[in-house]
Protein chains: 2
Amino acid sequence: TIELRNITKQYRQAGNVINALDDVSLTIDGGEFLSIVGRSGSGKTTLLDICGLLMRPTSGQVFIDGADAASLPERRRAELRGRAIGFVFQEYNLIPTLDVLGNVMLPLRYSGGDRRDGRDRAMGLLQAVGMSDRVGHRPDQLSGGQQQRVAIARSLIQRPALLLADEPTGAVDTQTAAELLDMLRGLSREDGVTVAIVTHDLDLAASTDRTVRLQDGRVVEDSAGVRV
Amino acid sequence: TIELRNITKQYRQAGNVINALDDVSLTIDGGEFLSIVGRSGSGKTTLLDICGLLMRPTSGQVFIDGADAASLPERRRAELRGRAIGFVFQEYNLIPTLDVLGNVMLPLRYSGGDRRDGRDRAMGLLQAVGMSDRVGHRPDQLSGGQQQRVAIARSLIQRPALLLADEPTGAVDTQTAAELLDMLRGLSREDGVTVAIVTHDLDLAASTDRTVRLQDGRVVEDSAGVRV
Ligand SMILES: Nc1ncnc2c1ncn2[C@@H]1O[C@H](COP(=O)(O)OP(=O)(O)OP(=O)(O)O)[C@@H](O)[C@H]1O
Ligand SMILES: Nc1ncnc2c1ncn2[C@@H]1O[C@H](COP(=O)(O)OP(=O)(O)OP(=O)(O)O)[C@@H](O)[C@H]1O
Ligand SMILES: [Mg+2]
Ligand SMILES: [Mg+2]
């Protein structure tokens, strides 16, 4: 369970204050499959970064399974970020000097574990996102949508309990997006992974179980009451 | 008019040959408003890069207003790229050390011309894409969709005759995308600019005058016969 309580995030820019998030409270239960929508600049990436412990709020609290994340020792926060939380970045953030397989396996370097198992798992994930024929390519030898799919595979290598995906299908065609969404839905339905997807695709949002809409840094709609 | 004749683009990767484009022939008339669609990896970015003289084909010819682009002196090619062709990159390619206004005005440094006129034009374009309140921000202080809109403004600063846009609305919400598309359609209808948009959004494609579909590096559909 992730709970955000009264989260505010402010940036200062040339004497102005920008309220990227303004008193946001939100609870996401384990195993939920939800989407976050809203206008460009409404605060979606900021919200996801705070959920994923990549950024500290200006004020407010983040509870991970009941524990206040801000009060955890930094080593514990880093462990959650590295092992329990998978993150797909809006800009992919692949390492340009590593090939596709190296990028997907990179998180494993910090967690030990069997290298051959890791390699098998990486190959399976690359197959699932349709990229197993490109394992030796480097990111600059891939199309935008191909890089995005590698970023999705990488986010799942540690079997995270929570997957946060910032527009994970923005760079792919409709058919590939539907296939990726089925895979993400399966993680929630079958593996109990909590999956939160930021998207601009309203059809995609409609096919998740719950949609939270942001506007100017606030939650203005939440379909949480409407479970099917 | 841009004419591609028998364009092939191959990459060599670890002993394999990848046919990014395979014998593509295409004519785009002045003032047309068209979309290019296709699966992730089907060759759309490669096609656009070749139309924009950013990349040379492995074989085949590119004619710009009847002149074979490959036979032009490099200085003339550079002038076409810099002045007649506007390009919106799939990855934006904003300069991280310049602010929004500096990024939009950057192409003007190479063409001389009145600085105050250039500044007025830049502000007008930023207003048109909804970014005039962020002129002092740097790219890393903007959301993904905000960076994308700055890239669109920059592509138009030289009043290009040809605008090539690689997924120009992929990172913005539906409403912002519709507003940007209206602006791009206006360039074609009112200013006679040739506008070619790569997109994964099939609604967006349907609202252009013509759609070319790529699959595995080939043109498999072209609605050019169906003008309204
Ligand atoms: N430098 C390179 N070396 C090897 N292969 C490459 C290179 N650049 C591109 N490719 C390959 O060429 C093919 C076409 O790439 P392109 O970027 O044109 O696709 P695209 O249609 O724009 O895809 P997307 O919708 O994902 O952006 C892809 O299979 C890609 O992996
Ligand atoms: N470092 C920063 N300094 C100043 N303002 C910032 C900074 N980072 C983000 N912002 C602002 O905070 C607001 C929210 O940004 P955020 O990236 O969360 O939006 P978003 O909803 O993800 O947008 P998009 O759909 O375009 O990706 C935006 O107005 C953005 O300009
Ligand atoms: Mg964002
Ligand atoms: Mg592309």
Side-chain angles (χ1 to χ4, degrees), chain A residues 11-16 18 20 37-46 49 89-92 99-100 129-131 133-150 166-167 169-177 179-180 198-203 205 213-215 217, chain B residues 11-16 18 20 37-47 49 89-92 99-100 129-131 133-149 166-167 169-177 179-180 198-203 205 213-215 217:
Chain A
Y11 294 106
R12 270 171 194 68
Q13 171 60 29
N16 293 326
I18 291 170
V37 301
R39 291 205 62 156
S40 171
S42 57
K44 304 178 297 298
T45 293
T46 305
D49 284 353
F89 295 93
Q90 190 166 358
E91 291 150 24
Y92 322 147
D99 65 13
V100 163
V129 299
M131 289 299 298
D133 60 344
R134 294 301 167 92
V135 292
H137 283 228
R138 270 194 287 281
D140 68 350
Q141 294 170 328
L142 300 176
S143 75
Q146 290 168 339
Q147 292 177 39
Q148 189 167 48
R149 284 181 273 161
V150 172
D166 201 345
E167 300 189 37
T169 63
V172 300
D173 54 282
T174 321
Q175 184 181 341
T176 305
E179 291 164 10
L180 291 171
V198 166
T199 182
H200 284 302
D201 184 333
L202 300 181
D203 295 327
R213 172 177 294 277
L214 290 181
Q215 185 176 299
Chain B
Y11 294 106
R12 271 173 193 68
Q13 170 61 30
N16 293 326
I18 290 170
V37 301
R39 292 206 62 157
S40 171
S42 57
K44 305 179 298 297
T45 292
T46 305
L47 179 64
D49 284 351
F89 294 92
Q90 191 167 356
E91 291 150 25
Y92 322 147
D99 64 15
V100 163
V129 299
M131 289 299 297
D133 61 344
R134 295 298 166 93
V135 293
H137 283 228
R138 270 194 286 282
D140 68 351
Q141 294 171 328
L142 301 176
S143 75
Q146 290 169 337
Q147 293 177 39
Q148 189 166 50
R149 285 181 273 161
D166 201 344
E167 299 189 37
T169 63
V172 300
D173 54 282
T174 321
Q175 184 182 343
T176 305
E179 290 164 10
L180 291 171
V198 166
T199 182
H200 284 302
D201 185 333
L202 301 180
D203 295 328
R213 173 177 292 277
L214 290 181
Q215 184 175 300

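Letters A, B, ... are given to chains in the order of the sequence lines, protein chains preceding strands, and every chain is numbered from 1.
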- Proximal component of A/Leu142, with respect to chain B [non-hydrogen, under 4.5 Å]: neither
- Message: Distance check, rounded to the nearest 0.5 Å: A/Leu202 atom CG versus B/Asp173 atom CG?
- Response: 8.5 Å
- Item | Contact leader toward chain A among B/Ile18, B/Asp166, B/Asn16, where contacts are heavy-atom pairs under 4.5 Å | B/Ile18
- Against chain A, work out which of B/Ser143, B/Ser40, B/Gly38, B/Gly145 has the most heavy-atom pairs shorter than 4.5 Å and name it. B/Ser40
- Message: Donor-acceptor check, side chain of A/Gln13 to backbone of B/Arg134, threshold 3.5 angstrom: yes or no?
- Response: no
- Examine whether an atom of A/Thr45 lies under 4.5 Å from a heavy atom of chain B, and if so say whether it belongs to the side chain, the backbone or both; otherwise answer neither. neither
- Side chain, backbone, both or neither: which part of A/Gln90 has an atom under 4.5 Å from a heavy atom of chain B? side chain
- Take A/Gln215 and A/Arg39 through the side-chain contact (heavy atoms from CB on, under 4.5 Å) test and state the conclusion after the steps. CA-CA 7 Å; A/Gln215 185 176 299; A/Arg39 291 205 62 156; 6.0 Å; no
- Which atoms of B/Gln147 come close to chain A, meaning under 4.5 Å heavy atom to heavy atom: side chain ones, backbone ones, both, or neither? side chain
- When rounded to the nearest 0.5 angstrom, what distance separates CD in B/Gln175 from NE2 in A/His200? 12.0 Å
- Spacing of CG belonging to B/Leu47 relative to CG belonging to B/Leu214, to within rounding of 0.5 Å: 5.5 Å
- Query: Checking heavy atoms, do the side chain of A/Glu91, its backbone, both or neither come under 4.5 Å from chain B?
  - Reply: side chain
- Tell me, with the steps shown, if A/Asp99 and A/Val135 meet side-chain contact (heavy atoms from CB on, under 4.5 Å). CA-CA 7 Å; A/Asp99 65 13; A/Val135 292; over 6 Å; no
- Message: Quick check for you: among A/His137, A/Gln148, A/Arg149, A/Gln141, which has the greatest number of heavy-atom pairs under 4.5 Å with chain B?
- Response: A/His137
